[in-house]
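Reviewing the structure listed below.
In what follows, every chain begins at residue 1, and chains take the letters A, B, ... in the order their sequences are listed.
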Number of protein chains: 2
Amino acid sequence: MEARPFTPMVQKLRTAGLRPTRQRMSLAKLLFDAGDRHVTAEQLHHEATAARVRVSLATVYNTLHQFTTAGLLREVVVQPGRSYFDTNTTDHHHFFIEANGHLEDIPGDSVAWARLPEPPKGTRIERVEVIVRVTRD
Amino acid sequence: MEARPFTPMVQKLRTAGLRPTRQRMSLAKLLFDAGDRHVTAEQLHHEATAARVRVSLATVYNTLHQFTTAGLLREVVVQPGRSYFDTNTTDHHHFFIEANGHLEDIPGDSVAWARLPEPPKGTRIERVEVIVRVTRD
DNA sequence: GCTCTATTTAGAGTTTTTCTAATCTGTTGA
DNA sequence: TCAACAGATTAGAAAAACTCTAAATAGAGC
Ligand SMILES: [Mn+2]
Ligand SMILES: [Mn+2]
Ligand SMILES: [Zn+2]
Ligand SMILES: [Zn+2]
């Protein structure tokens, strides 16, 4: 049985110019092996600790930002003083349940515009983000 | 010439159950006498200082939150670790120019949906927020 | 004016995130 | 195989934004 030295995640990291270290591989596993997720740095750090992965909070922050820059994650800001990192990097939007701070994906094609304004002079649209704030009734 | 003891702003504050103190009146003047604005607490505190209005940063935060609760302001979150307070409380959206952290209003009727998803079971839509992120080209 | 309560404030505290600089580790290639 | 080097990790300090506490101050009603 031959060894398989290049798993897909190792490839992804190398492509992004990031060494596949123990810490980055463990965090990638936690992030990407469980479907679409929205996590904060602290949450991920707790998960790592619970999974007996020793990694510092500084490394969790570094890794989340490096993954975001590499396009493996997307940062979502909906609450003052708290960043979520989204493993779904496709074009999509969010429900935000203010009561418990949960984000839920809205597929990109579930939203369609009948009218959108022109961007200000000298600028171009980077991304249109829709946040649907909902409350429990 | 008769005195005019009840200016509209005094009325607004009283209606909100807030005493029209020197600090609140001064901040209200800075906020509402200059058209639609998007300010952070620190910005407003600097403006007050520049205008020789002595007010603590704690009071600026208290006042911004009280005004928001009273419906005189709206809080806008587009950047990690920083809240904007918006003097435009009508139904509208925002351009966000990431380069310099500026917000620009999009009138509510400049955006129209052809399709919007149903909210998750057991919730109802509170508000739909559109943030159009733009870059200088 | 007196009294009562709301408000303000300085300064300490909290929370989230970033920085620093020392140590460690993955990679390369001799 | 291993030395050398650059990249990565880390603990702990620091920064940034915001909140809290408790003492002082000031509107409001009488
Ligand atoms: Mn967090
Ligand atoms: Mn600020
Ligand atoms: Zn998402
Ligand atoms: Zn606005």
Side-chain angles (χ1 to χ4, degrees), chain A residues 3 5-7 9-28 30 38-49 52-70 72-73 75-85 101, chain B residues 3 5-7 9-28 30 38-49 52-70 72-73 75-85 101:
Chain A
F6 297 108
T7 67
M9 185 46 63
V10 171
Q11 284 296 20
K12 265 203 215 178
L13 294 185
R14 286 208 197 289
T15 302
L18 300 170
R19 289 185 183 170
T21 62
R22 175 181 64 76
Q23 289 87 341
R24 294 208 268 236
M25 291 302 290
S26 299
L27 294 175
L30 290 170
H38 305 95
V39 291
T40 66
E42 223 172 329
Q43 267 170 35
L44 184 59
H45 187 238
H46 283 139
E47 283 183 26
T49 302
R52 296 288 185 288
V53 174
R54 267 241 272 329
V55 57
S56 72
L57 183 58
T59 294
V60 172
Y61 273 104
N62 289 340
T63 301
L64 287 172
H65 288 142
Q66 290 154 354
F67 283 10
T68 301
T69 300
L72 304 175
L73 290 176
E75 190 171 357
V76 181
V77 184
V78 283
Q79 251 186 344
R82 159 170 267 86
S83 270
Y84 290 88
F85 291 87
Chain B
F6 295 111
T7 67
M9 184 47 62
V10 171
Q11 285 295 18
K12 265 203 214 176
L13 295 185
R14 284 208 198 290
T15 302
L18 300 170
R19 288 185 183 171
T21 63
R22 177 180 64 76
Q23 290 87 342
R24 293 207 268 238
M25 290 302 289
S26 299
L27 294 175
L30 290 170
H38 305 94
V39 292
T40 66
E42 223 173 331
Q43 268 169 37
L44 184 59
H45 186 237
H46 283 139
E47 282 184 26
T49 302
R52 298 287 186 290
V53 174
R54 269 241 270 331
V55 58
S56 72
L57 184 58
T59 294
V60 171
Y61 274 105
N62 289 342
T63 302
L64 287 172
H65 288 142
Q66 290 155 353
F67 283 11
T68 301
T69 301
L72 303 176
L73 289 176
E75 190 171 358
V76 181
V77 184
V78 285
Q79 251 186 342
R82 157 171 267 86
S83 270
Y84 289 88
F85 291 87

From [options], nucleotide with atom closest to [X] side chain:
{"X": "T21(A)", "options": "dT8(C), dT16(C), dT9(D)", "answer": "dT9(D)"}
{"X": "A58(B)", "options": "dT9(C), dG7(D), dT7(C)", "answer": "dT9(C)"}
{"X": "T59(B)", "options": "dT8(C), dT17(C), dT27(C)", "answer": "dT8(C)"}
{"X": "R19(B)", "options": "dA10(C), dG27(D), dT16(C)", "answer": "dG27(D)"}
{"X": "H65(B)", "options": "dT9(C), dT19(D), dT9(D)", "answer": "dT19(D)"}
{"X": "L18(A)", "options": "dA8(D), dC18(D), dT17(C)", "answer": "dA8(D)"}

* Asked: Hey, mind stepping through L13(B) and L72(B) against side-chain contact (heavy atoms from CB on, under 4.5 Å) and telling me if it holds?
  -> CA-CA 9 Å; L13(B) 295 185; L72(B) 303 176; 4.3 Å; yes
* To do: May I ask you to check whether H65(A) and F85(A) place their ring centres under 6.0 Å from each other?
  => yes
I need the [atom1]-[atom2] distance between [X] and [N], as an integer number of Å.
{"X": "Q23(B)", "N": "dA6(C)", "atom1": "CD", "atom2": "P", "value": "17 Å"}
{"X": "R22(A)", "N": "dC24(C)", "atom1": "CZ", "atom2": "P", "value": "13 Å"}
{"X": "L57(A)", "N": "dT16(C)", "atom1": "CG", "atom2": "P", "value": "10 Å"}
{"X": "E75(B)", "N": "dA17(D)", "atom1": "CD", "atom2": "P", "value": "14 Å"}
{"X": "H45(A)", "N": "dA11(D)", "atom1": "NE2", "atom2": "P", "value": "8 Å"}
{"X": "Y61(B)", "N": "dA17(D)", "atom1": "OH", "atom2": "C1'", "value": "5 Å"}
{"X": "Q66(B)", "N": "dT19(D)", "atom1": "CD", "atom2": "P", "value": "12 Å"}
{"X": "R82(A)", "N": "dT18(C)", "atom1": "CZ", "atom2": "P", "value": "14 Å"}

* Asked: In degrees, rounded to 10°, what is the bend between the two ends of the helix from dG1(C)-dC30(D) to dA30(C)-dT1(D), using five pairs at each?
  -> 30°
Minimal non-hydrogen separation, [X] against [Y], with atom names:
{"X": "H45(B)", "Y": "V60(B)", "answer": "CD2-CG2, 3.9 Å"}
{"X": "A48(B)", "Y": "V55(B)", "answer": "CB-CG1, 3.6 Å"}
{"X": "E75(A)", "Y": "T68(A)", "answer": "N-CG2, 4.2 Å"}

* Structure fact -> Q79(A) meets the side-chain contact (heavy atoms from CB on, under 4.5 Å) criterion, sequence neighbours left out, with R82(A), Y84(A), F96(A)
* If only atom types and distance count, is the side chain of R24(A) paired as donor or acceptor with the main-chain N or O of T63(A) below 3.5 Å? -> no
* Asked: Between R24(A) and dT9(D), is there a side-chain N or O to OP1/OP2 distance below 4.0 Å?
  -> yes
* To do: Select base, sugar-phosphate, or nothing to describe what P20(A) touches, counting heavy atoms under 4.0 Å on all strands.
  => sugar-phosphate
* Y84(A) vs T63(B), nearer the 5' end of DNA chain C by closest nucleotide -> T63(B)
